[in-house]
Amino acid sequence: MTSLQSQLGGGSDAGATAEELAEGQRSISIAEFFEKNKQMLGFDSDAKALVTAVKEAVDNALDATEEAGFLPDIYVEIEDRGDYYRLVVEDNGPGITKDEVPKVFGKLLYGSRFHAREQARGQQGIGISAAVLYAQLTSGKPARITSKTENGDGARYFELTIDTDSNEPEIDVHESASWERPHGTRIELEMEANMRARRQLHDYIQYTAVVNPHARIEFHEPGDSEKFERATEDLPPETEQIRPHPHGVELGTLLKMLEATDSYSISGFLQGEFTRVGAKTAQGVCDKLRDRHFGREMAWRPPERHEDAEIEPAVRGAVANKRAEATAAFARRVTQEVREDDRVAHSTVAEVVAEAADGVEAEYDQTFGSTVREKATEAAWSEVAADRTSDCYAVVDGATTTRKDDAVVDGLARRLAETFAGQDDRRNRLTREELRGFVDRAADATEEYDDATFGDTARENVTAAFWDRARTVPDDVPKVSTVADQRDAAAELLEAMRETDILSPPTDCLAPIDEELVEAGLRKEYDADFYAAATRDAEVHGGDPFVVEAGVAYGGDLEEDGEVEVLRFANRVPLVYQRGACATVDVLREINWRNYGLDQPGGTGMPNGPAVLMVHVASTNVPFTSESKDAVANIPGIVDEIELALREAARELKSYLNKRRSLEKRRRKQNVIAEILPVMAEKLTEVTGHGPLDVEDSLARIMNNVLLERSVNGSTVELTVHNFDDTMVAGEVTEIVTADPGGVDDATVVEMDDEWFLKWDAEVQPGESATLSYSVEGDPDFDVSVEGIEPEKLTINA
Amino acid sequence: MSTDTDTDPDLADEEAREKLVDLAAQFYDQFADGTVPSMNIPTRTKSNIVFDEDEQVWVYGERHSTRSANSVRGAKKLLKAVYTIEFLAEQLEQDRSSTLRELYYLSESWDVEHAQFETQDQSNQLIEDLEIVSEVTREDFHMRPEESGATVMGPLFLREQTRRGEREIHCQEDVGEGGYQIPNNPDTIEFLEHDADFVLCVETGGMRDRLVENGFDEAYNVVVVHLKGQPARATRRLTKRLRDELDLPVVVFTDGDPWSYRIYGSVAYGSIKSAHLSEHLATPEAEFVGIRPEDIVEYELPTDPLAESDVNALESELEDPRFQDDFWTDQIELQLDIDKKAEQQALASRGLDFVTETYLPERLEEMGII
C-alpha cells in the first residue's frame, strides 16, 4: 500500500515528493511533470479538475480555520466565465502573510516536515498548489489571493504564479486591498473546467457539511446556490502530531530521516525521532541490528577440569616474560571466570581476559599488554572451542525429533563441529544466513553419507537452536552517519526495528468525529426518522493508528426506492469518486443487511431502502488505493473495523426497525379489531335485544393496552388507569378541567386562563389499576392526555 | 339434541333459536364485563378423539381451543359467528332452510367485509363450531349439505314430514328402482311399519344396484342402505335409528381395502369431524360382512396389489384403537401378508348371482344374521 503512496507524495512521504521533484525531476519542467501525473493528482478531466480544485481549496480552508480555533465559515463560488470557470473559495481563517503565501499555495515545492504524523485532511500536501498550477496551465491566469490577518493592517492582495522554468512560486503582484471579512483568506482561480461532475461536486459539499457539523458552508454555482448551517459550536479536538512509529516507516523514509537527524548514535536517533521508543526499546533494536550487521558469535561449553582440554596451562603457556605468580594468578582467574558460564563465546573470553589482566596488573604490578592479552585470549578460546562436537551433538539432538537416528544426529553434529573448527573467522562469528549455510552443508553431507533425510523444517530448527546459543557481539553499532550512507545497513536497521516488539502508537493524534456529532451531522442534512452512529476504539495498522466510525439514517424523507445512499469519508474528507474500488463499499456489500431489517435483493450487495450509511476512516495515514485518494484500500485490519462499526450502528437500526414493525403490526391489529368489535357489539345488541354496548374495555384488554377511563360521580371525578400489558407502565397524566378542583392529593395543579391543569405521575404494575381522583363542582369540561406511553399502547375512554 | 321426533317441529326450531341467541348473549355479557369475547370448543383433530366405553363410540377428548377476539383472526371469526347466528336465528324464525354453500354465498351480502366468509371451508367449519357450542345439530339449524342423501330400499313403511306436508312411503312399493331418498334431516321420518330382518349397508352404487336387481331385499327381507362412499350424516343417522328404534341388526358390506374398513368404522364408531355427534350418529352394533381379506383367499377373487398408501393405511389401522380386536388384527395382518385388495364387484368373477346366492347367504349365516 504505502509503496503506492510513495510514488508521489503519499501520506507519510508528503515532503518526499517535493524533494524528489526538486532533485530528481529538475531536468523536466514542472508543467511536464504535472501533465504526466495529473491523473494521480485528480485533474484528469475538466469536470473532475473542478471537483478536485474545490476539494483541495475547501480542505485547506477548513484546516486553516480549525487550526486557528475559528468555527469555519466557508464560501465557495463557481462562475462560468465563458472561456473559463472561476472558482472562489473564502475562509475565515487567521489569514496569511506575504512570506507564507508561496508556502501555502505553492507547497508543491515546499514540503512540510516529511515525517510528521497527524490526522490531517490533505495528507499529500500537494493539493492546493496542484490546483493553482492546473489553473495557471489551462487559463494562463495567476492565482489571485486576498488575505487579512487578525492584527494586521487590512487585507493584502497577491497574484501568484509558478515559474515553470525554475519551478519556483513567484508573487507577481502584492498590494493592499479592502475586504469585508475581519480575517481570512480568499483564493480565486480561473481554469478550464465544466460542470459535468455536478453531482459529485454537490455530494462533496453536502458530505463535507455532514462530516463537519461545526462548519458553515455557502455554495454558489451557476444558476443555483445552497447554504449549510452548522449544527454545533464545538470545534473538533486539536490533533496531536506524533512522531512516526518504528513499525510504520519505509526504507526511503528511514534513509531520509537518518540524513536529517541531529543524532549521532542509532540509539539516540531511534529515541529522538520515533514514538514509543525509549532506552530499552532502542537497546533491543540495536542488539537486533548488531546480529544483522556483525552476526553473532557461536558459544561453546568450556572444558571441565578433568577433561583433556585445559584452559589454565594453555593460558599460562601463552603468557611469556611475566612473573610466575602473576602468570599463575592470571591463568587461574581466566580459567575460573570462563568456567562460570556454560555458553562461552569468543567475545566472552576476550572480556574475561581483559578483566583478569586488569586485576592482575593492579595486584602484582605487572603489565599485561595487548599482545599478551590477545595471545591469552586465543589460547583460552582454543581450549573452550576444543570440543565442539559434544556441544553440537547436544544442540542438534535437542532441535531434532526423537525419531532421528542417533548416528544421523551424531553425523550432523560432527560435520557442523568440523565446519566451525575450519571457519575462517576463528571467533566463530557468523550471520544467521551463514549459519544456515553451515547447517545446509552439514545436512547435505549427512544425507549423502549417512543415508538420512534432513528436511527444511529440521534444518531451520537446528539453525534456530544454534542461533539461540550464539551470543550477540559487543561491537559498537554503526553510527547514524554510517548507516545513512549504506543502504544495506539501513535495511538491516529497518528489519531490526520491525522485529522488535514496540508499544502501539498513541491514538490521541486522531480526531474522530464521535458518535454524537456523526448523528448530528446526518440529522442536519437528512430528514430521517432514525439516526445511529458508532465510533470504534482506535486500532493500529502498521505504524499508524486509525479509528473507524459509522452512521446510519433511516426513513423520513429519504428516498424509498433504489439503493441506500453511501457516504464515505477519510479524515473528514468526503470521497466521491471510485466508489466501487473502496474498501468501505466492499464491506457494505458483504454484510447481510436483511439481518438488520434492510431490503437486500439476493442477500448480498448494496442494500435498498430509505437509508443513508456512512463510514469515516480517520488515521495518520489512511491507506488509499491510489494517489488521487478517492478510495480506501482493502487492508484487513481496517476492513474488520469498518465492518464492526457498521454492524454496531446497524444493530441500533435493527432494534429501531423491530420496534417500529411491532408497533406497526400492533397498530394494524388495533385498527382491524377496533373496526370489528363495534360492529360485533352492534350485531349482538340486535340479536339479543339488549341495550347498546361499549367495547373500549375489551379493546384495551385485547391490545394489552393501557386504558384510561374517567367516571364522574357527583362532584367526585375518578381517572382509572388499567394496565393490561405484561410490563409496568409509567406516564404523566394531565387532566385539564374548566373548574377549580382545589388542592388534589399527589397531583400538581396549575391554573391558566380559567383552566386547571392537574398532573400526576402514574405508575401501574402489569395487570393492575390505579385510580386518580379529585373533586370539582359544577359541570366542567374535561380533557385528559397521557405522556410517556406510546399512543399505540394507549386507549383513552374518557 | 333434539332427537325426539315426537316434539312439535316448531318447538324444536324455537329451542334451537333460543340456544343460538343464548350464545350471542354470552358474547354480549363478555363485552359488558369488559372482558374479551371468546368461545371454547373441543379441538377437532385425530389426537383429541377418545373412545367412549359406555356408548362404544368415539367422542372428543379434553383438549379445547379458544376462538377469541384477542387476535385479528379470532375477532374476524367471532364476527362471522355473530352474523351467522343472526342469519340462522332468522332462518329458524321464518322456517326456511339453506345449504352450507348458500350460507357461504349469502355472506357476500353482509354489510361488513370482515363478516363475510373467504372460503366455504370457513363457513362449514363455523357451522360445526356452532353445532358444538350450542349443542344444536346443523339439521336443526335448517342447514343442509349440498349433495343429495343416499337411498334406502327394503320392506319399510314410513312417514316423512316434508315441507309440503306429510308423505307416507313404502320403501319398496312406493319407490322406483332408485329407492327412497333419505332426507337431510332423517329425524323428520317416522317409522310406521316394517317387515325387515336386518339392515345391509352397501358401500358402492354398483353393488347396491346388483342386490336390488337380483331382488335380494325381497328374498331376505333386507333394508338395503346405500352408503355412497363415506356415508353422509343423514345416512348414518337413519342407520342408527333403524337399529335403535326397530331393533334391526346392521351389517356393513364394503370393498376389501383399508379405506373401506374406515367407512365401516365411521358407521360403527363415528368419525372425527362429527365426534360431537357420535352418540347420535354411530351404530356400535354394526358388523362387518366383507369383503374380508380372508374372502379374497377363500373365493380366489381377482385382486389388485396393495399400493404403498394402502400399506400405510393398514399399518395405521393396526395401531388404531377402533380396530383393536382379534377379528381386525387377523384380517389386516392377513391382507398385509397376501399384499392384495379386492373390490365388492370382484365377486362377479364367479357369476352375477354369486353375491346374492352364495357369498352373502354364506357370510350372513356365519354371522348368525339369517
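Every chain is numbered from 1 and lettered A, B, ... according to where its sequence line falls, protein lines coming before strand lines.
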Q.
Is A:Gln670 close to chain B through its backbone or its side chain, or both, or neither, when contacts mean heavy atoms under 4.5 Å?
A.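 Looking at A:Gln670, nothing touches chain B.
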(Q) Between A:Leu677 and chain B, with a heavy-atom cut-off of 4.5 Å, which part of the residue counts as in contact: side chain, backbone, both or neither? (A)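 For A:Leu677, backbone and side chain are both near chain B.
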Q) Is any side-chain heavy atom of A:Glu675 closer than 4.5 Å to a side-chain heavy atom of B:Val112? A)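 Contact flag for A:Glu675/B:Val112 side chains = no.
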Counting only heavy atoms not in [X], do more than 12 sit closer than 6.0 Å to its [atom1] atom?
X: B:Gln230; atom1: CD; answer: yes
X: B:Glu166; atom1: CD; answer: yes
X: B:Gln94; atom1: CD; answer: yes
X: A:Arg594; atom1: CZ; answer: yes

Where does [X] contact chain A at under 4.5 Å (heavy atoms): side chain, backbone, both or neither?
X: B:Glu90; result: neither
X: B:Ala89; result: neither
X: B:Val21; result: both
X: B:Ser71; result: backbone

Q. Is there any residue in residues 678-694 of chain A with a non-hydrogen atom under 4.5 Å from a non-hydrogen atom of chain B, and which ones are they?
A.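 Listed by number, the contacting residues are A:Val679, A:Met680, A:Ala681, A:Lys683, A:Leu684, A:Thr685, A:Glu686, A:Val687, A:Thr688, A:His690, A:Gly691, A:Pro692, A:Leu693, A:Asp694.
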Q | Winner by heavy-atom pair count (cut-off under 4.5 Å) against chain A, out of B:Ile85, B:Leu79, B:Asp22 | A |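 Highest number of pairs under 4.5 Å: B:Leu79.
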